[in-house]
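Below is one structure, written out as C-alpha cells; comments come after it.
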Number of protein chains: 2
Amino acid sequence: MNELTIGKLAKKAGVTIDTVRFYERRGLINEPARTQSNYRIYPEEEVAHLRFIKKAKELGFSLNEIKQLFKLQDDPKASKSDVKEWTEIKIWEIRRRIEDLSKILSALEQLTVSCDGHGPVSECPIIGVLSGDLEESKQHHP
Amino acid sequence: MNELTIGKLAKKAGVTIDTVRFYERRGLINEPARTQSNYRIYPEEEVAHLRFIKKAKELGFSLNEIKQLFKLQDDPKASKSDVKEWTEIKIWEIRRRIEDLSKILSALEQLTVSCDGHGPVSECPIIGVLSGDLEESKQHHP
DNA sequence: CTTGACCTTTGACCATAGTCTAATGTTTAT
DNA sequence: ATAAACATTAGACTATGGTCAAAGGTCAAG
Ligand SMILES: [Zn+2]
Ligand SMILES: [Zn+2]
Ligand SMILES: [Zn+2]
Ligand SMILES: [Zn+2]
C-alpha cells in the first residue's frame with residue numbers, strides 16, 4: 001500500500017514534522033514502523049488520526065483529553081455514553097468560560113464609557129478603578 | 001510610617017511571597033528598599049499596587065500588558081486616550097474569544113444531540129465526526 | 001541560648017503545545 | 001559523484017504565571 005515518511009504524513013495532515021514527533025512522545029500516536037535506515041513509516045490511515053487530533057483540538061480538547069478519547073475508542077468495555085459524557089463536560093466547561101469572559105467584558109465596557117479619552121492619565125477613571133479609586137499617591141512604579 | 005516586610009505585604013495583598021518576588025523580577029513592582037539585614041521593606045502603598053495587578057489580571061490583562069499600563073501611568077506624555085485605546089483593544093480581543101468559544105460550543109452541542117448514548121463506542125457519531133465520518137479502520141491507537 | 005518564624009539567594013520545576021538547533025545519516029536528482 | 005532534500009537523535013528554548021527546594025542568615029519569645 002501507500003506508506004508515508006514523516007514529511008509526507010505531516011504535510012497531508014497539515015501539521016509540522018516536529019508536531020508529529022511530539023505527539024508520538026506524548027503517546028497520542030503509536031510508534032510507527034521503521035525502515036532499515038531507521039526512518040519512520042506510517043500507513044495512510046495515520047493521516048486521519050492526526051486530523052482527528054486537529055479537529056478535537058479545535059473543539060477545545062487538550063492533548064491529554066484527546067489521549068483519553070483514544071483510550072475510550074480502544075476500550076471494549078467503553079460505551080457511547082462515556083463519549084457523550086465527556087462531550088457534555090466539555091460543553092459545561094466552555095459555557096463557564098463564556099460566562100466568565102462575558103463578565104470581564106461588561107466590566108471593561110463600563111470602564112471605557114466612563115473615560116472620555118481626554119486629558120492626562122492621572123485623571124483616567126480606568127486607571128482609577130484599577131488603583132482602587134483614588135489610592136496610590138504617585139510615582140513608585142518601575 | 002508603616003513599613004511592611006514581604007510577608008506582611010503579601011498577606012495584605014492576597015498573594016504569596018513568591019509572587020511578590022516574581023513580580024519584582026518581571027519589573028511589575030520596583031525593587032524595594034532593604035533593611036541592614038537585607039530584608040525587603042515596602043511602603044503601605046505597595047499593597048494597592050499589588051491589588052491593581054490582581055484586578056487587571058482578573059480583567060484579562062497579562063502581566064506584560066499590566067507593565068505597559070504602569071509605564072503609561074508614569075509617562076507624562078501619555079493621555080487618557082492611550083488607556084482607553086488599550087481597554088478597547090482588550091474588549092475586542094475578549095469579544096473574539098467569546099465568539100470562537102460560541103462556535104465551538106454549538107459544534108459540541110450538535111455532536112451530543114446526535115449521540116443517543118447507547119451502544120459501543122465504535123458506533124458513536126461523536127467519534128465518527130472527529131474521525132472524518134467513517135474513516136480509520138481500527139486499532140492502531142496507542 | 002535555643003527554637004521557630006521569618007527572610008535571603010539561586011536555580012530547578014510544573015503544565016501546555018510545541019519549535020528549533022546541532023550533529024549526523026540517507027535518499028534522490030542532476 | 002555530488003548536492004539538495006529529507007531523515008534521525010538529544011536536548012535546549014519559547015511563552016505564561018508562577019511554585020518549590022536547598023542552604024543559609026535574622027529576629028523575637030521563652
Ligand atoms: Zn489511528
Ligand atoms: Zn481614561
Ligand atoms: Zn505603585
Ligand atoms: Zn456517542
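If you're wondering where the values come from, they're calculated on a predicted model, not measured in any experiment. Every chain is numbered from 1 and lettered A, B, ... according to where its sequence line falls, protein lines coming before strand lines.
When the P atom of C:dG18 is taken as reference, atom CG of A:Asn64 falls 12 Å away, rounded to whole Å. The distance from atom OH of B:Tyr42 to atom P of C:dC7 is 10 Å, rounded to the nearest whole Å. Atom CZ in B:Phe22 sits roughly 17 Å away from atom P in C:dC14 (whole-Å rounding). The nearest whole Å value for the distance from the CZ atom in A:Arg26 to the C1' atom in C:dG18 is 9 Å.
Ring pair A:Phe70/A:His49 is perpendicular by interplanar angle, where above 60° counts as perpendicular and below 30° as parallel.
The salt bridge (Lys or Arg N to Asp or Glu O under 4.0 Å) check on B:Asp100 picks up B:Arg96, with sequence neighbours excluded. Scanning for side chain to side chain contact (heavy atoms under 4.5 Å, CB included) contacts around A:Lys11 gives an empty result, with sequence neighbours left out. Not a single side chain to side chain donor-acceptor pair (under 3.5 Å) links A:Asn64 to another residue, sequence neighbours left out. For A:Lys90, the side chain to side chain donor-acceptor pair (under 3.5 Å) partners at least two apart in sequence or on another chain are A:Glu65, A:Glu93. A search for salt bridge (Lys or Arg N to Asp or Glu O under 4.0 Å) contacts involving A:Lys54 returns nothing, not counting sequence neighbours. For A:Glu99, the side chain to side chain contact (heavy atoms under 4.5 Å, CB included) criterion is met by no residue, not counting sequence neighbours. Legend: residues meeting salt bridge (Lys or Arg N to Asp or Glu O under 4.0 Å) with A:Arg40, ordered by chain and number and at least two apart, are A:Glu24. Not counting sequence neighbours, B:Asp18 has no partner by the side chain to side chain donor-acceptor pair (under 3.5 Å) test. Every residue two or more places apart in sequence or in another chain was checked for a side chain to side chain donor-acceptor pair (under 3.5 Å) with B:Glu85, and none qualifies.
Side-chain N/O atoms of A:Lys57 include one lying less than 4.0 angstrom from OP1 or OP2 on C:dG18. Between B:Arg34 and C:dT9 there is a side-chain N or O to OP1 or OP2 distance below 4.0 Å. Proximity of A:Arg25 to the phosphate of C:dA17: no side-chain N or O atom is located under 4.0 Å from OP1 or OP2.
Within the 4.0 angstrom heavy-atom criterion, base atoms lie near B:Asp18.
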Determine, for nucleotides 22-30 of chain C in 5'-to-3' order, which nucleotides have protein heavy atoms under 4.0 Å from the base (write B), from only the sugar-phosphate (write S), or from neither (write -). ---BBS---

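Taking a 4.0 Å limit (strictly below) on heavy-atom distances, residues 87-101 of chain B does not reach DNA chain D anywhere.
Heavy atoms only, all atoms of each residue included: A:Glu44 and A:Lys12 are closest at OE2-NZ, 2.8 Å.
Annotation: of the two residues near DNA chain D, B:Thr16 and A:Arg40, the 5′-most nearest-nucleotide partner is A:Arg40.
Protein chain B contacts DNA chain D over a range whose 5' and 3' limits, counting nucleotides with an atom under 4.0 angstrom from a non-hydrogen atom, are D:dT16 to D:dC27.
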